[in-house]
Number of protein chains: 2
Amino acid sequence: MTDENMHVRKGVDGSHDGMTAPPRRMFRKKAGQPPDLAAIVTGITNGSMNELAKAITYIESNSPVHYSYGQELLQSLLKRTGRAIRIGITGVPGAGKSTFIESFGLMLCEQGHRVAVLAIDPSSSVSGGSILGDKTRMEQLSRHSNAFIRPSPSGGTLGGVHRKTRETMLLCEAAGYDVILIETVGVGQSEFIVRGMVDFFMLIALTGAGDDLQGMKKGIMELADAVVVNKADGENKLPAEKTKKDYDQFLHMLKPSTKGWQSKAFTCSALKNDGIDDIWNVIKTFQSLTEASGVMAERRRSQAKDWVHTLISEQMNQYFYRHPYVKKHLADWENKAMDGAVTSAKAAEKLFEEVFKHTK
Amino acid sequence: MTDENMHVRKGVDGSHDGMTAPPRRMFRKKAGQPPDLAAIVTGITNGSMNELAKAITYIESNSPVHYSYGQELLQSLLKRTGRAIRIGITGVPGAGKSTFIESFGLMLCEQGHRVAVLAIDPSSSVSGGSILGDKTRMEQLSRHSNAFIRPSPSGGTLGGVHRKTRETMLLCEAAGYDVILIETVGVGQSEFIVRGMVDFFMLIALTGAGDDLQGMKKGIMELADAVVVNKADGENKLPAEKTKKDYDQFLHMLKPSTKGWQSKAFTCSALKNDGIDDIWNVIKTFQSLTEASGVMAERRRSQAKDWVHTLISEQMNQYFYRHPYVKKHLADWENKAMDGAVTSAKAAEKLFEEVFKHTK
């Protein structure tokens with residue numbers, strides 16, 4: 001780990017992540033008529049895909065005025081959110097997340113569930129690339145009328161991607177989707193972000209726990225309510241069973257991710273549609289147990305609270321790093337601190353004072 | 001991992017961690033004469049323990065006026081800092097960190113080095129307890145005229161403890177200590193904090209790598225420039241050698257903590273003074289290599305830069321969470337978000353605007 005990684009700093013780009021940017025006004029002069037937000041709300045509650053997509057566009061937009069439309073819609077729809085089971089899915093690239101989601105999602109759609117698939121891609125905030133971008137990866141699911149697939153929002157900070165996905169999830173709930181699947185890749189902070197917005201978090205793993213356990217950060221294992229060893233078919237079936245047992249042993253030693261729930265490992269073959277229904281049964285058991293114990297409600301309340309603090313922290317960072325003085329002089333003060341001309345404390349103090357001197 | 005742990009929030013206490021607190025003035029009316037700071041600077045540069053201790057008291061004080069004295073001293077002494085080798089030492093409780101430091105520190109003192117031992121104790125910010133608090137743990141070292149031992153500052157946030165230790169390190173360097181040892185216990189964020197202020201980071205480990213590797217977060221291993229398997233004496237000698245080999249294998253798979261340096265494992269017996277000199281030779285090799293390659297200078301510059309951003313982030317947090325409006329209304333807004341009466345974004349926005357509405 002290099003020093004640069006030790007403090008995660010928010011990138012400063014021109015995009016609007018729902019944060020207050022000091023140097024410009026919140027509302028620009030509008031070009032046309034404002035949209036009929038009430039009609040969009042009605043459309044979403046009636047299950048209109050078009051209106052849902054429009055609302056998500058506002059949520060994902062980098063324009064401040066669109067952002068405010070999105071927030072207004074969300075506030076109007078808030079009472080209709082929260083009725084879905086929220087499932088997070090992670091795993092290293094190649095573990096078969098997409099195949100699993102395709103198979104799992106189709107099964108649920110066939111059962112009459114309405115399934116929304118969202119994604120958080122940490123790389124999309126850097127490269128603009130996006131998981132789920134290629135819809136053909138879930139070809140059948142994407143064509144099912146009960147499914148809604150939305151790729152990871154791209155561009156902006158990871159915090160911005162986080163906000164957009166979280167709010168899109170709420171919109172999908174208001175539109176009547178009762179199963180939300182949030183996919184992320186097994187690197188960096190994104191698992192923690194997804195764990196912080198879902199009820200049930202699962203790790204899709206490959207056969208060969210020995211290698212996996214070493215490659216996998218233990219911290220991620222501690223987040224999981226279940227580990228699913230995928231590709232348990234053909235010659236791989238026995239090794240997958242062995243891997244499942246290794247994971248079970250490992251999970252048993254860890255503090256449970258959810259109070260009152262022993263995380264366990266399972267095998268399945270998404271390709272052969274084998275064992276997929278068992279996973280859904282596990283999730284349903286998890287749901288009834290945690291609803292009965294109050295752990296589900298407690299977690300959601302705690303997530304909503306944490307979310308307030310996360311947003312405030314993001315807002316402060318963006319306020320600071322977008323301030324004209326900081327944009328102009330940050331590098332000077334950094335250099336002075338690096339050269340040993342001033343203490344880091346002095347540099348920090350000067351920057352802070354310049355930005356906040358007009359606060360009382 | 002519970003949801004509560006997923007966002008580390010800064011505790012709000014009454015202490016002064018070097019941050020600007022909006023509701024009160026930076027400088028209170030002084031009771032007596034200000035201290036003769038120039039005399040303290042001279043004292044420190046002449047190696048006076050008394051003046052060093054006085055300066056550290058200012059650095060560690062929770063009084064804003066003392067804080068400013070500390071900063072002034074630091075600024076005056078800045079040119080004299082940076083000449084020591086900075087060594088971080090971590091390990092689970094019971095790994096023998098104190099015995100190692102006693103043995104290692106004494107050897108260096110006997111060789112004519114001046115050794116300062118500092119500590120960062122994550123629990124001290126909560127409990128007020130402190131590692132190194134019990135000087136008898138390093139009885140001989142603490143009596144040596146070339147050694148200076150300072151327990152972890154207690155009280156305040158972890159960020160405050162961090163700042164105080166980092167600045168105390170600089171004061172010790174200005175006072176002529178040429179080896180700085182910073183001890184921390186192997187839990188939570190403190191390793192990352194210590195890694196962010198030292199040149200060389202080592203992990204003291206116990207025999208039985210199998211258990212250790214599982215109990216140990218892989219992330220911590222990635223920070224280490226060396227793993228030292230302690231207590232390699234008597235019947236434990238062979239198992240320790242085996243453990244060392246396991247660690248070597250593991251370290252070989254990881255990305256090196258320092259560019260151009262392959263982290264390795266070593267055995268020693270701090271109790272029997274066996275292998276301690278080898279560790280020092282490793283550190284000296286590390287030092288010449290990284291000085292020659294420029295990696296040392298690059299790391300220190302990057303640390304100084306990161307430190308500016310860390311302080312700014314701390315300052316913003318404290319500014320926000322100590323603001324009268326936030327103190328009074330934070331819980332209301334949290335509850336509204338938790339009850340689903342408003343979106344978390346709305347709650348965050350309201351709080352943010354109330355605090356920062358007077359900024360232009």
Side-chain angles (χ1 to χ4, degrees), chain A residues 1-4 6-7 9 18 20 22 71 74-75 78-79 81-82 163 167 192 195-196 214 217-219 222-223 253 255 257 259 299 301-313 315-317 319-320 333-334 337-338 340 342-348 351-353 356 358-360, chain B residues 1-4 6-7 9 18 20 22 71 74-75 78-79 81-82 163 167 192 195-196 214 217-219 222-223 253 255 257 259 299 301-313 315-317 319-320 333-334 337-338 340 342-348 351-353 356 358-360:
Chain A
M1 174 175 252
T2 60
D3 293 337
E4 293 76 50
M6 297 188 61
H7 302 286
R9 222 167 303 130
T20 311
Q71 293 305 313
L74 207 55
Q75 183 65 45
L78 200 57
K79 290 267 177 279
T81 66
R163 177 188 70 74
E167 294 177 353
F192 291 87
R195 168 77 278 187
Q214 273 172 354
K217 288 192 183 73
K218 177 167 160 278
E222 285 174 335
L223 304 181
M253 293 188 297
K255 196 169 161 247
S257 174
K259 210 170 133 188
R299 165 172 278 160
R301 285 176 64 82
S302 152
Q303 286 174 340
K305 181 177 160 181
D306 286 348
W307 184 231
V308 173
H309 292 270
T310 303
L311 286 170
I312 287 168
S313 171
Q315 257 170 335
M316 288 194 293
N317 266 312
Y319 181 86
F320 182 85
W333 284 109
E334 283 176 348
M338 289 192 285
V342 300
T343 61
S344 292
K346 185 64 151 187
L351 284 158
F352 184 83
E353 276 172 9
F356 295 106
H358 300 293
T359 57
K360 60 160 194 180
Chain B
M1 176 177 249
T2 59
D3 293 337
E4 293 75 51
M6 298 186 60
H7 303 285
R9 221 166 302 130
T20 311
Q71 293 306 314
L74 207 54
Q75 183 64 45
L78 200 57
K79 290 266 176 280
T81 66
R163 177 188 68 75
E167 293 177 354
F192 291 87
R195 168 76 280 185
Q214 272 173 353
K217 289 192 182 73
K218 176 167 159 280
E222 284 174 336
L223 304 180
M253 294 188 298
K255 196 171 161 245
S257 173
K259 210 171 132 187
R299 165 172 276 159
R301 284 176 64 82
S302 152
Q303 286 174 340
K305 180 176 160 182
D306 286 348
W307 184 232
V308 173
H309 291 270
T310 303
L311 286 170
I312 287 168
S313 172
Q315 256 171 336
M316 286 195 294
N317 265 311
Y319 181 86
F320 182 84
W333 284 109
E334 284 176 347
M338 290 192 283
V342 300
T343 61
S344 293
K346 186 63 152 187
L351 284 158
F352 184 83
E353 276 172 7
F356 297 104
H358 299 294
T359 55
K360 61 161 192 178

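So you know, we letter chains A, B, ... as the sequences are listed, proteins then strands, and number each from 1.
Nearest approach of B:Thr343 to A:Leu74, heavy atoms of both residues: CG2-CG, 4.0 Å. Nearest heavy-atom pair across A:Ala337 and B:Ala304 is O-CB, 3.7 Å.
In this structure the side chain of B:Ile312 reaches within 4.5 angstrom of the side chain of A:Phe320, judged on heavy atoms. Between A:Met338 and B:Val308 the shortest side-chain heavy-atom distance does not fall below 4.5 Å.
Between B:Phe356 and A:Phe356, the two ring planes are tilted [angle within 30° to 60°].
Going from atom CD of B:Glu353 over to atom CD of A:Gln315 covers 8.0 Å, rounded to the nearest 0.5 Å. Here the CD-OG distance, from A:Glu167 to B:Ser344, works out to 9.0 Å after rounding to the nearest 0.5 Å.
Heavy atoms of B:Lys259 lying under 4.5 Å from chain A are absent altogether.
Among the candidates B:Gln75, B:Lys79, B:Lys346, the residue making the largest number of heavy-atom pairs closer than 4.5 Å to chain A is B:Gln75.
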